[in-house]
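Below is one structure; the comments refer to it alone.
No hydrogens, no waters, no symmetry mates; every other heavy atom, side chains included, goes into these values. Numbers for residues simply follow the sequence, beginning at 1.
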Amino acid sequence: MKPMTSLGESFQIALRAIRANKARGALTTLGIIIGIVAVVVTMTAANGLQNRFRESFSAVGTDVIYVSRMPWVIMNDFFLYRNRPNLDLREARKLEDKLRGRAIVNPTMDGREDVKYRDQAMEGVTILGTTDKTSRISSAQPQSGRFLLPFDVTYKKNVCVIGTDVRDGIFGTVDPLGKKIMIGRSVFRVIGVMEKQGGSFLGGPNFDRQIFVPITTYESSFGGSHGRQDVNIAVKAPNQEIVKDLEFETIGEMRKIRNLRPSQTDDFSINKLDTLVGAFNNTMGVVILVGLIVTSISLFVGAVGVMNIMFVSVTERTREIGLRMAVGARGKDILTQFLVEAVTLSLIGGVIGVGAGLLGSYAIAYFAEWRTLLQFDAILLAFGFSAAVGIFFGFYPARKAAGLNPIDALRYE
């Protein structure tokens with residue numbers, strides 16, 4: 001008998017055995033189905049979260065480094081940073097002079113103010129005092145109107161560019177261009193509306209709920225000139241290849257500007273998108289690991305069920321095994337038959353689990369309003385694990401069947 005023929009016959013026998021005991025087979029595969037559903041949902045949801053994260057922070061830029069008083073990610077050393085002196089505009093201008101011609105340097109100040117247009121108001125809107133260089137550093141551009149110009153910054157114009165959430169919140173269907181709004185206690189004229197960048201992500205900044213004003217106007221209108229300056233400085237490299245060199249150069253220049261001695265540690269932080277991505281990936285790695293550990297419990301229960309049902313099947317079909325051996329079947333043929341049956345049972349659970357997992361992923365995408373991202377490796381992992389369960393937990397019962405004595409098997413009642 002050829003191996004391929006033996007394998008085909010074993011598969012047919014396996015299907016007949018499963019059809020003969022549908023309820024038992026369904027209960028056996030339930031643990032595998034639940035485990036595979038959890039694996040697929042966990043993997044697709046995690047991939048979707050990572051994609052959403054990158055989309056939400058795409059405006060930060062991978063070729064931009066940010067000089068700030070505090071690091072973006074603080075794990076447990078907050079008290080090491082709390083007493084650092086603020087960065088001010090004077091230092092930002094010095095850094096711009098040092099890097100002139102090699103990088104774009106853009107200072108930014110921010111705070112929160114209430115915004116009002118006629119009888120419509122929004123509370124706690126992020127106000128960004130910045131310059132015209134923001135449009136060269138960020139990928140976001142105005143959807144309508146224009147962005148700030150050097151003229152606006154030099155002459156401290158009371159003009160602003162608003163995000164789409166601000167437009168929808170206080171203007172509704174009214175065209176905001178040219179309209180005057182109250183930001184805190186100051187009046188500003190709207191000159192532009194930024195394109196939509198996506199809402200906040202897991203508590204992160206909402207780039208659509210912010211307003212850009214000239215940094216000089218921010219300084220005079222919102223207290224920046226009275227000892228409350230805390231400037232963030234964006235430094236954009238001309239190309240991705242020199243970002244690392246620019247980072248070292250920026251650190252060196254900032255240490256000179258802040259008069260730090262060689263023995264003193266930096267009293268400022270260098271932040272990059274990689275910092276956020278690394279922190280997010282570490283967090284997601286822990287979440288995925290915990291999820292897979294929990295789902296492995298269900299898969300183990302399903303695997304034990306497969307082993308149990310195969311022992312029952314061997315016991316019920318002992319006379320059949322003896323008859324097959326009597327007509328010439330070898331031990332490896334019996335072993336193959338029951339291994340194929342175990343793998344088939346597991347793969348059926350895997351197919352149902354993958355289908356249910358995809359439905360679960362679509363449900364999450366619909367109700368949680370973020371796009372889950374299906375990757376082929378998640379499906380391969382699910383099917384591979386199903387097959388491994390069938391082979392590993394079906395081998396011992398199959399080996400027991402292959403080792404039966406034909407005469408004793410024929411006499412079995």
Side-chain angles (χ1 to χ4, degrees), residues 56 59-60 66 68-69 86-90 92-93 106-200 203-234:
S56 296
V60 174
Y66 295 83
S68 310
R69 182 173 75 95
N86 289 345
L87 276 70
D88 57 36
L89 277 176
R90 176 187 58 82
R93 292 183 178 118
N106 182 56
T108 301
M109 301 169 68
D110 65 88
R112 292 184 180 274
E113 299 286 344
D114 295 340
V115 179
K116 184 176 181 181
Y117 173 69
R118 294 182 180 175
D119 59 344
Q120 300 297 317
M122 292 182 70
E123 298 180 352
V125 177
T126 300
I127 311 300
L128 293 173
T130 186
T131 73
D132 57 289
K133 294 176 184 174
T134 295
S135 60
R136 297 165 60 188
I137 288 179
S138 173
S139 59
Q141 298 297 322
Q143 182 186 71
S144 59
R146 66 172 177 86
F147 198 70
L148 304 175
L149 298 175
F151 175 86
D152 301 317
V153 179
T154 302
Y155 293 97
K156 302 182 181 180
K157 292 295 183 179
N158 279 40
V159 294
C160 66
V161 182
I162 63 177
T164 55
D165 284 3
V166 178
R167 177 198 61 192
D168 298 339
I170 63 174
F171 286 103
T173 58
V174 177
D175 183 5
L177 295 182
K179 303 296 190 300
K180 293 184 177 180
I181 61 175
M182 288 287 296
I183 302 179
R185 298 180 179 180
S186 302
V187 178
F188 285 78
R189 181 169 58 88
V190 179
I191 59 172
V193 179
M194 297 298 291
E195 62 186 6
K196 188 170 183 61
Q197 301 176 64
S200 60
N206 185 344
F207 295 108
D208 295 322
R209 189 185 169 90
Q210 59 186 14
I211 298 177
F212 298 91
V213 302
I215 193 167
T216 49
T217 310
Y218 183 99
E219 189 178 19
S220 59
S221 297
F222 305 113
S225 59
H226 302 292
R228 292 169 53 191
Q229 284 190 1
D230 188 8
V231 177
N232 295 295
I233 309 171

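- Checked by atom type and distance alone, the side chain of Ser221 never pairs as donor or acceptor with a backbone atom of Tyr218 at under 3.5 Å.
- A search for side chain to side chain contact (heavy atoms under 4.5 Å, CB included) contacts involving Asp110 returns Leu128, Asn232, not counting sequence neighbours.
- Distance CD/Glu195 to CG/Asp208: 9.5 Å, rounded to 0.5 Å.
- At least one side-chain heavy atom of Val153 sits less than 4.5 Å from a side-chain heavy atom of Ile215.
- Considering all non-hydrogen atoms of both residues, Val174 and Tyr117 come closest at CG1-OH, 4.4 Å.
- The shortest distance between side-chain heavy atoms of Tyr66 and Thr108 does not fall below 4.5 Å.
- With salt bridges taken as basic N to acidic carboxylate O contacts below 4.0 Å, one links Asp152 and Arg146.
- Under the side chain to side chain contact (heavy atoms under 4.5 Å, CB included) criterion, Arg69 pairs with Arg84, Asn86, Leu87, Asp230, sequence neighbours left out.
- With values rounded to the nearest 0.5 angstrom, Asp88 atom CG is found 9.0 Å from Met109 atom CE.
- Looking only at side-chain heavy atoms (C-beta outward), Val115 and Met182 stay at 4.5 Å or farther from each other.
- Taken to the nearest 0.5 Å, the CG atom of Asp168 stands 12.0 Å off from the CD atom of Gln120.
- The closest side-chain heavy-atom distance from Leu148 to Val159 is below 4.5 Å.
- A 4.5 Å side-chain heavy-atom check between Thr126 and Arg209 finds every atom pair outside the cut-off.
- Using a 4.5 Å heavy-atom threshold, the side chains of Phe188 and Ile211 count as separate.
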